[in-house]
Amino acid sequence: PIDQQEPQESEDGKRALKEFIQDKSSPDPAELMQKKELCDLVLRMLEQLPEEHKAVLILRDIEGMDYSRIADVLGIELGTVKSRLSRARSNLKELLEIALQ
């Protein structure tokens, strides 16, 4: 009976140790690499946009500024912010689609 309990206790101990050692909150390394590659690609494509498109895209989508603040910062009309942002997003999407083919 003692010999039969030891393997089970040993397996339980190994399982408990394995669960303790594994950090389930850690992201998957492959997933991290994919995200980094995608981020690098987006940054490269962003650099290809005209400055006026890049500026509104960064201020809105990365910095989180509202449209009126962007208009103030860049010294342009609110409608211009909206149209540039729309064109910037569209151009970035096209660039990314081409790059991912």
Side-chain angles (χ1 to χ4, degrees):
I2 294 174
D3 289 341
Q4 292 174 352
Q5 288 177 347
E6 287 179 10
Q8 181 60 41
E9 289 173 3
S10 177
E11 287 302 313
D12 290 345
K14 287 179 186 177
R15 189 173 19 259
L17 181 59
K18 183 178 179 181
E19 288 176 11
F20 176 76
I21 291 173
Q22 289 179 339
D23 183 1
K24 292 176 177 56
S25 66
S26 294
D28 176 34
E31 185 179 327
L32 279 178
M33 183 57 93
Q34 286 177 332
K35 286 181 180 181
K36 183 186 180 323
E37 288 173 359
L38 182 60
C39 183
D40 290 344
L41 176 63
V42 169
L43 289 174
R44 285 195 314 272
M45 298 303 106
L46 188 60
E47 287 299 318
Q48 293 184 28
L49 294 177
E51 285 300 317
E52 66 232 12
H53 289 177
K54 190 181 346 179
V56 294
L57 194 64
I58 289 171
L59 292 175
R60 177 65 188 154
D61 293 338
I62 296 174
E63 297 296 326
M65 272 188 202
D66 63 42
Y67 294 110
S68 60
R69 179 74 177 126
I70 295 169
D72 289 343
V73 167
L74 297 179
I76 57 177
E77 296 293 322
L78 185 61
T80 304
V81 171
K82 292 177 181 181
S83 64
R84 284 185 187 174
L85 186 58
S86 177
R87 278 188 242 124
R89 288 174 176 162
S90 179
N91 290 343
L92 183 60
K93 180 182 175 191
E94 287 176 19
L95 290 169
L96 288 169
E97 286 173 350
I98 291 167
L100 292 172
Q101 287 181 353

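Since we're looking at a predicted model, the values are computed, not measured.
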Work out which heavy atom in L46 is nearest to a heavy atom in L57; give both atom names and the distance. CD1-CD2, 3.3 Å

Suppose the criterion is salt bridge (Lys or Arg N to Asp or Glu O under 4.0 Å): which pairs have a residue in residues 38-62, not counting sequence neighbours? K36-D40, E47-K54, E51-K54, D61-R89

side-chain hydrogen bond (donor to acceptor under 3.5 Å, both in side chains) contacts touching residues 65-75 (sequence neighbours left out): D66-S68

Report all side-chain donor-acceptor pairs from residues 74-88 shorter than 3.5 Å, counting only partners two or more places apart or in another chain.
| residue | atom | partner | partner atom | Å |
| --- | --- | --- | --- | --- |
| S83 | OG | G79 | O | 3.3 |
| S83 | OG | T80 | O | 3.1 |
| S83 | OG | R87 | NH2 | 3.3 |

First locate atom CG of L32, then atom SG of C39, and finally report the distance between them rounded to the nearest 0.5 Å. 12.0 Å

How long is the straight-line distance from CG of L49 back to CD1 of I58, given to the nearest 0.5 Å? 8.5 Å

Who are the side-chain contact (heavy atoms from CB on, under 4.5 Å) partners of E37, not counting sequence neighbours? M33

Can you list, pair by pair, the side-chain donor-acceptor contacts under 3.5 Å of residues 94-101, counting residues two or more places apart and other chains?
none

